[in-house]
> 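Below is one structure. I have some questions about it.
Convention: sequence-line order gives letters A, B, ...; per-chain numbering from 1. The figures here come from the full heavy-atom set of this structure, side chains too, leaving out hydrogens, waters and symmetry mates. Here the structure is a predicted model, which means the values were calculated and not measured.
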Amino acid sequence: MERTHTCGELRQSHTGEQVVLMGWVAKKRDFGVFTFIDLRDREGVTQVVVSEETAAAAHAKAKNIRGEFVIAVKGEVVKRDEGAKNAKLSTGEIEVKVDELLVLNDAAVPPFQLEVAGSENLASEDTRLKYRYLDLRRPALQQNIITRAKAVRAIREYFDGRGFIEIETPILLKSTPEGARDFIVPSRIHTGKFFALPQSPQILKQITMIAGLDRYYQIARCFRDEDLRADRQPEFTQLDMEMSFVNREQVYREIEGMFNHVMRTVGGIELPETWPRMTYAEAMRRYGSDKPDLRFGMELIDLSDDLSDTDFAPFAEIIANGGEINCIVVKGRADYSRKQTDELQEFVKRYGAGALGWIKIGDEITSSLLKALGEEKIKQLIAAAEAETGDAVLIVAGKKSVVAASLGALRQEVARRENLIDRSKYECLIVTEFPMFEHDEETDAYIAAHHPFTSPMDEDLEMFKTAVNDPSEHHLLGNVRAKAYDAVINGYECAGGSIRIHQKEIQALNFKALGLSPEKARERFGFFLDALEYGTPPHGGFAAGIERTCMILCGTENIRDVMAFPKTASAQDLMMDSPGDVDASQLDELGIGVVGE
RNA sequence: GGGGUCGUAGUUCAGUUGGUUAGAACGCCAGCCUGUCACGUUGGAGGUCGCGGGUUCGAGCCCCGUCGGCCCCGCCA
């Protein structure tokens, strides 16, 4: 018996045809003298009916069939009576009247129900992860995996069409102890030495530019041994690309072109041909985030000037120390209860905020700051925030970075709670002019904000040189902007990149800024510094997160929904139970011993 | 490393102030059923209340510890 059709393709036009379907039993409805079976495969579900009267042998076999049995049926496509059609199924206008039924394989009773009314009754995620092969039979999850395949295909289409070439770079690389923790692979041939898995193919793609390959891309697996999040896994996939002889705008065009092509062809989503641009400084000021979700407003408002003359000691101190006092206005929520504002206060405390001040503009004005600031000042703040009767004003004071982080996160949290996010909207932007360095307070050192090969802005080059060469001006590093940029869709950082340094003098300057001696730099990146000597073209590029892009396309907030075999938040695979032990002989061969706890 | 939250039947959950034999739905097993598509219907089986300890006459419930899932902070050049 050969399959003639999938379970998703039969329509009324097939009426009368003899067909063979194969698939899994999604559901059986037994009526004694006949039995309905919902037969499922990747493409859909088709109802087949087995009658004792017309197919006694098949009907007898159907008696013993259970969910997830694998069966083949042969029979005629018949049009359903008007009242018996099922509008919920794409194949609901027909059914297959079975003549022959073959059990291709039986199945144990599944540990959880694949199809239940309402996805909120699904089995818990750890159960489903242990039996991932069953979870993956769920049409919703299969659609995500299929969407991902389409997205990757669309990416290849785009770059192939733009004259880029796909180049594979090694998975076994060398550890460069900067950035994320590496996954380490021991070498048997060189006992005691180790490879590292790529955190990204960054240096290698730059070397392809030095090699004159000009336009490179790769669907690259990346590995970072850091803690997980709802949108972060230890291994993930990036679209990695690099091009020579380009400026930032030319890279932006490729970011826009690629995402627009993928979102249009895979998701039917139209994004603007040219995306809005916003500097990092503006994004932080207006949204408290370098990846703002622009599907709603509720921008941050700076109240520092209005409070510069305050007697209230905590605020005065914060302003004196260069801090800020910002607020957001929640429309129509003057009715926030004490419990709710307490919850929001707990929320901002996670980000280091000391407290959450509030003003509720109801029939009368109430505020946690009424005693501290006085009624007149409260009214001034309301005016400054342009809040209206019925609104709530939420205020955070503190260090600039803490105010941005906590209020930026609060803005997102309130939008979620208040249902301010239009899920049918897709708001994208390119954030530009990221800072070149971040200041690490613990070590009082400056570390690369993007990576150590990022080019400074031309406008800031002199300041950069001064900061590096004059120890008394070292703090200026914090002001140097880079030719670095991110692509943001709906509050997700979907891609990031930069124009790279192609002159060895500036690269040396950058290593010095980062506190890397020439010897250390040579030790870590010697091969790359050598390469820079031999005619490096100006170049730049970006890397896009495949999973995050697919999360947006699939409308999920969980990265595990767009990966076939994901790991748990504690970086384990519950299906294969990895990571696991290895034989002592394997360790011996590698010259490795495990130090007990 | 830290915080929050959850853990009771195969699954999703309920379980009162600590008090008799821990319940429901779905699933499973056996029967009946000529048009279902969340089929209906009759009956049945199924529990180490995550694990360990403690308090108590008595613990699913209280306390301590521990393990695991999820979310967040730190971390993620």
Side-chain angles (χ1 to χ4, degrees), chain A residues 26-39 45-49 51-53 63 66-68 78 80-89 91-92 95 97 108-131 134 176-182 199-200 202-203 222-234 236 343 346-353 402 405-406 409 413 434 436-438 440 442 446-454 482 484 493 496 498 510 514 516 524-525 545 557-558 560 567-570 572 574:
Chain A
K27 201 91 190 183
K28 186 176 93 169
R29 290 177 294 279
D30 185 352
F31 282 78
V33 293
F34 59 85
T35 299
F36 295 108
I37 293 168
D38 290 341
L39 195 60
V45 171
T46 301
Q47 172 168 285
V48 307
V49 57
S51 167
E52 186 173 34
E53 197 179 326
K63 277 278 172 213
R66 217 176 28 217
E68 302 311 315
V78 296
R80 295 208 208 174
D81 289 340
E82 216 39 57
K85 289 182 178 174
N86 185 349
K88 288 182 213 157
L89 286 182
T91 59
E95 65 192 6
K97 193 163 173 267
V109 176
F112 61 93
Q113 284 166 257
L114 271 63
E115 330 233 352
V116 280
S119 58
E120 67 277 7
N121 287 334
L122 271 178
S124 65
E125 200 171 358
D126 51 329
T127 306
R128 289 184 287 123
L129 283 171
K130 182 172 176 188
Y131 302 95
L134 296 179
T176 54
E178 285 211 24
R181 290 185 196 88
D182 285 316
Q199 298 175 22
S200 90
Q202 183 60 38
I203 294 179
C222 303
F223 307 84
R224 294 178 189 174
D225 188 7
E226 296 294 345
D227 288 348
L228 293 81
R229 283 289 187 283
D231 63 349
R232 262 166 39 191
Q233 286 265 317
F236 58 100
E343 271 175 23
E346 286 310 307
F347 181 84
V348 294
K349 278 182 173 176
R350 289 187 223 161
Y351 299 85
V402 168
S406 56
E413 173 70 12
F434 270 74
M436 184 96 171
F437 303 98
E438 277 166 18
D440 181 8
E442 273 177 43
Y446 286 88
I447 54 178
H450 187 49
H451 57 61
F453 317 108
T454 306
E493 179 195 327
S498 63
N510 199 21
L514 294 167
L516 266 184
R524 289 185 194 176
F525 307 113
E557 292 181 354
N558 186 334
R560 295 180 296 277
K567 292 178 177 57
T568 66
S570 61
Q572 285 179 298
L574 296 181

> Using a 4.0 Å heavy-atom cut-off across all strands, classify A/Glu125 as base, sugar-phosphate, or nothing.
sugar-phosphate

> Test for a donor-acceptor pair under 3.5 Å between the base of B/U36 and the side chain of A/Arg80, counting only N and O atoms.
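By the distance-only test, yes, there is a pair.
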
> How is A/Lys130 classified with respect to the nucleic acid when contacts are heavy atoms under 4.0 Å: base, sugar-phosphate, or nothing?
nothing

> Look at the side-chain N and O atoms of A/Lys85 and state whether any lies under 4.0 Å from the OP1 or OP2 oxygen of B/C37.
no

> Distance check, C1' atoms only: B/U12 and B/C72, in whole angstrom units.
26 Å

> So what does A/Phe347 touch, heavy atoms closer than 4.0 Å: a base, only the sugar-phosphate, or nothing?
nothing

> Measure from the side chain of A/Glu53, starting at C-beta and using heavy atoms only, and say which of B/U34, B/C75, B/U36 lies closest.
B/U34

> Do the side chains of A/Gln233 and A/Arg560 get nearer than 4.5 Å, heavy atoms only?
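A/Arg560 vs A/Gln233: side chains touch.
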
> Can you list the residues that meet the side chain to side chain contact (heavy atoms under 4.5 Å, CB included) rule with A/Gln47, with sequence neighbours excluded?
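Listed in chain order: A/Arg29, A/Phe36, A/Asp38, A/Arg80, A/Glu95.
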
> Of the listed nucleotides (B/U36, B/G74, B/U11), which one gets closest to any side-chain atom of A/Asp227?
B/G74

> Compare the minimum distances between each of B/U11, B/C33, B/C37 and the side chain of A/Asp30, then state the nucleotide with the smallest one.
B/C33

> Roughly how many Å apart are B/C61 and B/G27, using the P atom of each and rounding to a whole number?
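31 Å, rounded to whole Å.
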
> Suppose you measure atom P in B/U20 against the same atom in B/A59; what distance do you get, rounded to whole Å?
12 Å

> Quote, to the nearest angstrom, the C1' distance that separates B/U11 from B/G47.
14 Å

> Which nucleotide, B/C76, B/U36, B/C71, lies nearest any side-chain atom of A/Ala84?
B/U36

> Strictly below 4.0 Å: does A/Thr127 bring a side-chain N or O up to OP1 or OP2 of B/G10?
no

> Taking the P atom in each of B/G50 and B/C33, what is the distance between them to the nearest angstrom?
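Those two atoms are separated by 43 Å.
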
> Measuring from the side chain of A/Ser124 (C-beta onward, heavy atoms only), which nucleotide among B/U12, B/U34, B/A38 has the closest atom?
B/U12

> Taking the P atom in each of B/A24 and B/A9, what is the distance between them to the nearest angstrom?
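After rounding to an integer number of Å, I get 14 Å for this pair.
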
> Of all the nucleotides listed (B/C39, B/C70, B/C72), which has the minimum atom distance to the side chain of A/Ala230?
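For the A/Ala230 side chain, the nearest candidate turns out to be B/C72.
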
> Below 4.0 angstrom from OP1 or OP2 of B/A38, is there any side-chain N or O of A/Lys88?
yes

> Reckon A/Arg29 has a side-chain N or O less than 4.0 Å from the OP1 or OP2 of B/U36?
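So the side-chain polar atoms of A/Arg29 never come under 4.0 Å of the phosphate oxygens OP1 or OP2 of B/U36.
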
> Could you tell me whether A/Phe525 and A/Phe453 have their ring centroids closer than 6.0 angstrom?
yes

> With P as the reference atom in both, quote the distance from B/C13 to B/G18 in angstrom, rounded to an integer.
24 Å

> Mind checking A/Glu438 for me? I need base, sugar-phosphate or nothing, with any heavy atom below 4.0 Å counting as a touch.
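Result for A/Glu438 = nothing.
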
> Closest to the A/Val33 side chain: B/U34, B/C71, B/U11?
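Between B/U34, B/C71, B/U11, the one nearest the side chain of A/Val33 would be B/U34.
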
> According to a strict under-4.0 Å criterion, is A/Thr568 in side-chain N/O contact with OP1 or OP2 of B/G69?
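It does, given that an N or O in the side chain of A/Thr568 lies less than 4.0 Å from OP1 or OP2 of B/G69.
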
> So A/Pro111, base contact, sugar-phosphate only, or nothing? Heavy-atom distance under 4.0 Å.
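Sugar-phosphate contact only.
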
> Want to settle it: does A/Gly83 or A/Gly179 sit nearer the 5' end of RNA chain B, counting the closest nucleotide to each?
A/Gly83

> If you assign A/Asn86 and A/Ser200 each to the RNA chain B nucleotide with the nearest heavy atom, which residue ends up on the more 5' nucleotide?
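By nearest-heavy-atom nucleotide position, the 5'-most residue is A/Asn86.
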
> A/Glu95 near the nucleic acid: base, sugar-phosphate alone, or nothing, with a heavy-atom cut-off under 4.0 Å?
base

> Does a distance-only test, which skips hydrogens and angles, find a donor-acceptor pair under 3.5 Å between the side chain of A/Arg350 and the base of B/C71?
no

> Under 4.0 Å, heavy atoms only, any strand: does A/Asp225 hit a base, just the sugar-phosphate, or nothing?
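No contact at all - A/Asp225 keeps every heavy atom at 4.0 Å or more from the nucleic acid.
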
> Less than 4.0 angstrom between a side-chain N/O of A/Arg66 and OP1 or OP2 of B/C29, yes or no?
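Looking at the OP1 and OP2 atoms of B/C29, one of them is under 4.0 Å from a side-chain N or O of A/Arg66.
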
> Are any of A/Arg229's side-chain N or O atoms less than 4.0 Å away from OP1 or OP2 of B/C75?
no

> Both distances under 3.5 Å, Watson-Crick or G-U wobble: report the partner of B/C32, or none.
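Because both required distances fall under 3.5 Å, B/C32 counts as paired with B/G40.
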
> Which one, B/G69, B/U12, B/U34, comes nearest to the side chain of A/Asp126?
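Selected nucleotide (nearest to the side chain): B/G69.
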
> Given that both distances must come in under 3.5 Å, which nucleotide forms a Watson-Crick or G-U wobble pair with B/G10?
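Looking at the geometry, B/G10 pairs with B/C26.
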
> In whole Å, measure the gap between the C1' atoms of B/G74 and B/A14 for me.
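Their C1' atoms lie roughly 38 Å apart.
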
> Looking at B/C37, B/C76, B/C26, which one has an atom nearest to any side-chain atom of A/Ala180?
B/C76

